[in-house]
Amino acid sequence: MEHMDEQWLELIGKQEQMEKQEVLKAALSPENVSQAIQAGELALGDEIISFQRTEVVPNQVFMFVPDFFEPMPEEYARIKYPAERRPKIIYTDETLEINLTVNPTNNRMVNNEMEQFVQDLSFLIKRMQPNAKWLGEGVREVGGRKMGFYEFTVPVLDGVMYNGIFFIELEGKGLFFGLNCMERYQEQWRPIALGIMDSLQINPMEREEGDA
């Protein structure tokens with residue numbers, strides 16, 4: 001009898017776990033994530049992630065950033081990002097393992113040539129990161145303009161890291177965004193990264209004036 005009770009409890013536990021996974025899968029669907037982020041809260045089962053609309057390029061670009069993210073301490077940023085590749089803005093969680101970056105550059109970029117930029121940049125990344133596992137690349141539409149992206153995982157000292165790189169043209173120059181995290185966070189944070197990108201507000205004042 002006792003053995004049957006243990007089997008029953010184990011079966012119930014597995015069923016509850018499957019139900020939780022289904023709820024989480026639905027919560028992380030692209031449509032739900034984008035809408036929830038713009039509304040300010042994303043519910044993931046018992047966990048609630050709140051987002052703050054944050055100005056990342058003065059008067060031009062606003063991003064929804066998790067409210068528990070803080071600017072990465074300078075001393076850690078110097079270690080994690082070499083000076084020549086250090087993003088201008090780095091937000092991170094308390095573990096310093098989930099990072100959201102913004103990096104305006106002086107590199108020429110043309111909105112209508114985004115497909116070619118994706119091909120050229122992915123070629124360079126693949127040469128620079130021969131051990132990377134490529135997850136995808138392409139062009140999305142965000143805020144009425146094209147956004148190039150590529151995603152890959154790469155071995156690091158303490159495991160495997162997911163990297164999502166996204167970029168748009170702003171005033172003829174490349175504006176880059178990124179989310180990187182350890183692989184154990186990838187299932188949750190990869191769709192959140194895409195949702196944050198889908199929720200970008202680019203030149204919102206211009207759109208408001210155009211709608212007036």
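None of the values given here were measured: they were computed from a predicted structure. Just so you know, residue 1 is the first one in the sequence shown, and it goes up from there. The figures that follow rest on heavy atoms only: side chains count, while hydrogens, waters and symmetry mates do not.
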How close do [X] and [Y] get, heavy atom to heavy atom, and via which atoms?
{"X": "T105", "Y": "G174", "value": "OG1-O, 2.7 Å"}
{"X": "K146", "Y": "N112", "value": "NZ-O, 4.2 Å"}
{"X": "Q38", "Y": "S199", "value": "CG-OG, 3.4 Å"}
{"X": "M197", "Y": "M63", "value": "CE-CE, 4.0 Å"}
{"X": "Y162", "Y": "R190", "value": "OH-CG, 3.5 Å"}
{"X": "I37", "Y": "G195", "value": "CD1-C, 3.6 Å"}

**Request:** Begin from the C-alpha positions of K80 and N99 and carry the test side-chain contact (heavy atoms from CB on, under 4.5 Å) through to its verdict.
**Result:** CA-CA 11 Å; K80 184 173 178 63; N99 307 300; 2.9 Å; yes

If only atom types and distance count, is the side chain of [X] paired as donor or acceptor with the main-chain N or O of [Y] below 3.5 Å?
{"X": "N103", "Y": "K88", "value": "yes"}
{"X": "D93", "Y": "E97", "value": "yes"}
{"X": "S34", "Y": "E31", "value": "no"}
{"X": "S50", "Y": "D67", "value": "no"}
{"X": "E55", "Y": "N59", "value": "yes"}

Does some side-chain heavy atom of [Y] sit less than 4.5 Å from a side-chain heavy atom of [X]?
{"X": "V160", "Y": "Q186", "result": "no"}
{"X": "I125", "Y": "N163", "result": "no"}
{"X": "V57", "Y": "I202", "result": "no"}
{"X": "P104", "Y": "K173", "result": "no"}
{"X": "F149", "Y": "F177", "result": "no"}
{"X": "R86", "Y": "M72", "result": "no"}
{"X": "I98", "Y": "F68", "result": "no"}

**Message:** side-chain contact (heavy atoms from CB on, under 4.5 Å) for Q116 and V110? Distances and angles first, verdict last.
**Reply:** CA-CA 10 Å; Q116 188 60 50; V110 180; over 6 Å; no

**Prompt:** Under a 4.5 Å side-chain heavy-atom rule over Ile, Leu, Val, Met, Phe, Trp and Tyr, are I90 and Y76 clustered together?
**Reply:** yes

**Item:** Co-membership, hydrophobic cluster, residues L96 and Y81, 4.5 Å side-chain
**Value:** yes

Can you tell me how far the [atom1] atom of [X] sits from the [atom2] atom of [Y], to the nearest 0.5 Å?
{"X": "Q60", "Y": "E171", "atom1": "CD", "atom2": "CD", "value": "4.0 Å"}
{"X": "I196", "Y": "Y91", "atom1": "CD1", "atom2": "OH", "value": "11.0 Å"}
{"X": "F69", "Y": "T54", "atom1": "CZ", "atom2": "OG1", "value": "11.5 Å"}
{"X": "I89", "Y": "L100", "atom1": "CD1", "atom2": "CG", "value": "9.5 Å"}
{"X": "E113", "Y": "E115", "atom1": "CD", "atom2": "CD", "value": "9.5 Å"}
{"X": "F166", "Y": "L194", "atom1": "CZ", "atom2": "CG", "value": "5.0 Å"}

**Message:** Test side-chain contact (heavy atoms from CB on, under 4.5 Å) on K126 and E137; report intermediate values, then the result.
**Reply:** CA-CA 12 Å; K126 288 173 182 176; E137 62 184 67; 3.6 Å; yes

**Request:** Assess whether atom CD of E94 is packed by more than 12 heavy atoms of other residues, nucleotides or ligands within 6.0 Å.
**Result:** no

**Request:** Kindly indicate, with the supporting measurements, whether the criterion side-chain contact (heavy atoms from CB on, under 4.5 Å) is fulfilled by M114 and E141.
**Result:** CA-CA 11 Å; M114 192 60 66; E141 184 167 319; over 6 Å; no

**Asked** When you check the gap from the basic side-chain N to the acidic O, do E183 and K133 get nearer than 4.0 Å?
**Response** no

**Message:** M147 and side chain to side chain contact (heavy atoms under 4.5 Å, CB included): which single residue from V118, I168, L175, N111 fits?
**Reply:** I168

